[in-house]
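Please read the structure below before turning to the comments.
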Amino acid sequence: MPPSVPSVPRRVAHTLRTSLFAQVLVALVLGMAVGKLWPDVATDLQPLGDGFTRLIKTIISPLVFCVVVVGIAKAGDLKAFGRIGLKALLWFEVASTLALIIGLLAANVVQPGSGMHVDPATLSTKAVDEKTGGGSLPSTTEFVLNALPTSFIGAFAENSLLQVLVLACLVGAALLHLGHTKVPQVLPAIEQAQEIIFAIVGFVMRLAPIAVFGAMAVLIGQYGLGVIETYAKLIVLCYVAAALFVVLLAVALRMVTGLSLWKFLRYIREEMLLALGTASTESVMPRVMQKLRGAGARDDAVGLVLPTGYSFNLDGASLYLSIGTLFIAQAVGVDLSVGQQITVVLVLMLTSKGMAGIPGSAFLALSATASSLGAIPAGAVALLLGVDRIMDSMRVVTNLLGNCVAVFAVSRWEGALDIERAKKVLDGGSKAPEGAEETAAPQAEVPAQTAKEPATEAS
């Protein structure tokens, strides 16, 4: 007898039980329905999304530390690690500057704020102050100093990724300097801790649908769909500009590595949908690190480029800031000259680098830009309060894809990417291991160095 074909309800039930993508998609739809039908109830669901984000944040720092230390130690070459960092920073600067320029060009062509004729005197900065908590963006000196840890434990307690990266580089360099003969148990212990952290990631990810349901219900319940009508021109422009930037990312990825961004999107569809639902790239960072390692990127490249990109490569935010600056200028009737728009790019190139992890950072960056121009009233920034949350999806997708492409590109330049494995995984011919235990690019053992033969890289 031919094998019986499961009924449609059984197949649907099986898919919902086994596919995280299906679970998150259903949660997304249910959250939107609850937010629309019962907005008062929806606002009470905030802890669902916040709780999930907190759990993810607790494992990001130790995960980054373990991946970077293991990557440096196994690569056996601190100079190569430094080259990866420099190439990553170069990529980040070019990509974010391109995003700023695309945003300015798009805003000049479409003029999303023209015809609004807003009187700045009617706008209050109080709402913006509440959004930003009265904070400010750090200066360049403060940003550099804040990246240096004052305490080993404090870097993890404060969840400061840049400080954790500095510590991981120091520990990795020390392991290379001492060699496995002096500290034979340290590297295996860190590798084992890494496996434990990845197991915890698997546990926490089971709560992802609940987090997406709560976050989406709160979004729709608080803001509704009416804001889309009010700011339709601006919203459409931002999303179209982001789509254009993503196309450019796809072209760059194809030229540098020969890989397809669309296949990569299919590969990380679960993580992308989760990031959209929670409006946070941090919520998917551990899983994306796993996926990148499983797709052939070496540990040291993934561990350095991706976390650093979270602070230095906010392409989606750069697009939004450049478009937003021109939008508020047009809305209050200020015509910015070419020189002033160049100033916008230069200011945002600096302010966008210190945004990560600061409440209301987009408004702080916009306020700093407006102040530097001296032509846009400070209160005009409040025009974007109603639409800012709607822009999260655009920022999240663009930021995440921009950083993933950076990992592949820098890995390829440094010879830290197994192209054959990457193509096989993205084509669906090979499933990346759950913990991404294997990284395709060959990794050397830790050199057995003694105190008499110190590693020159660590000096």
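Because the structure is a prediction, the values reported are computed rather than measured.
Taking every heavy atom of both residues into account, Leu417 and Ala295 meet most closely at CD1-O, 4.2 Å. Here the closest non-hydrogen pair linking Met394 and Ala242 is CG-CB, 3.4 Å. Listed here is the closest heavy atom pair of Ala88 and Val305: CB-CG2, 4.0 Å. Taking all atoms of both residues into account, the shortest heavy-atom contact from Pro149 to Val166 is CD-CG1, 3.9 Å. For Leu167 against Ala155, the heavy-atom pair with the smallest separation is CD1-CB, 3.7 Å. The shortest heavy-atom contact between Ala208 and Val24 is CB-CG2, 4.4 Å.
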TODO: Show your reasoning for whether side chain to side chain contact (heavy atoms under 4.5 Å, CB included) applies to Gln194 and Val69.
DONE: CA-CA 10 Å; Gln194 179 178 273; Val69 171; over 6 Å; no
TODO: Evaluate the side chain to side chain contact (heavy atoms under 4.5 Å, CB included) criterion for residues Phe156 and Gln163: first the C-alpha distance (whole Å), next the side-chain angles of each, then the deciding distance (0.1 Å), finally the verdict.
DONE: CA-CA 8 Å; Phe156 291 89; Gln163 292 185 12; over 6 Å; no
Task: Working for side chain to side chain contact (heavy atoms under 4.5 Å, CB included), residues Gln341 and Asn108 - done: CA-CA 10 Å; Gln341 294 190 32; Asn108 276 292; 2.7 Å; yes
Task: side chain to side chain donor-acceptor pair (under 3.5 Å) evaluation trace for Ser61 with Asn159 - done: CA-CA 6 Å; Ser61 290; Asn159 217 21; 2.5 Å; yes
TODO: Mind running side chain to side chain contact (heavy atoms under 4.5 Å, CB included) on Leu276 and Leu28 for me, showing each step along the way?
DONE: CA-CA 9 Å; Leu276 283 170; Leu28 196 70; 5.8 Å; no
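Between Thr281 and Asn403 there is no side-chain heavy-atom pair separated by less than 4.5 Å. Between Val212 and Phe52 there is no side-chain heavy-atom pair separated by less than 4.5 Å. Using a 4.5 Å heavy-atom cutoff, the side chains of Phe408 and Val256 are not in contact. Residues Arg395 and Asp392 are in side-chain contact: their nearest non-hydrogen atoms beyond the backbone lie under 4.5 Å apart. Cys238 has its side chain within reach of Leu234: a pair of non-hydrogen atoms, C-beta onward, lies under 4.5 Å apart. Within the 4.5 Å cutoff, no side-chain heavy atoms of Ile328 are placed close to those of Val332. Taking the side chain as every heavy atom from C-beta outward, Met272 and Leu400 approach each other to under 4.5 Å. The side-chain heavy atoms of Met285 and Leu161, taken from C-beta on, include a pair separated by under 4.5 Å.
Taking CG from Leu63 and CD1 from Ile60, the interatomic distance works out to 8.0 Å, rounded to the nearest 0.5 Å. To the nearest 0.5 Å, the span separating CZ on Phe245 from CG on Leu100 amounts to 9.5 Å. Taken to the nearest 0.5 Å, the SG atom of Cys169 stands 10.0 Å off from the CZ atom of Phe65. In this structure, the separation between CG on Leu273 and OG1 on Thr278 is 9.5 Å, given to the nearest 0.5 Å. The distance from atom CG of Leu105 to atom CG of Leu244, rounded to the nearest 0.5 Å, is 9.5 Å. If you take CG on Asp315 and OG1 on Thr97, they are separated by 9.5 Å, rounding to the nearest 0.5 Å.
In summary, of the residues considered (Leu346, Leu348, Ile342, Val347), a side chain to side chain contact (heavy atoms under 4.5 Å, CB included) with Val344 occurs for Leu348 alone.
Pairs of residues two or more places apart, or lying in two chains, that qualify as salt bridge (Lys or Arg N to Asp or Glu O under 4.0 Å) and include a residue from residues 260-281 are Lys263-Asp427, Glu270-Arg287, Glu271-Arg287, Glu271-Lys291.
Checked by atom type and distance alone, the side chain of Ser322 pairs as donor or acceptor with a backbone atom of Leu319 at under 3.5 Å. With hydrogens and angles disregarded, no donor-acceptor distance shorter than 3.5 Å links the side chain of Lys87 to the backbone of Ala409.
Side chains of Thr53 and Ser280: a donor-acceptor N/O pair is absent below 3.5 angstrom, by distance only.
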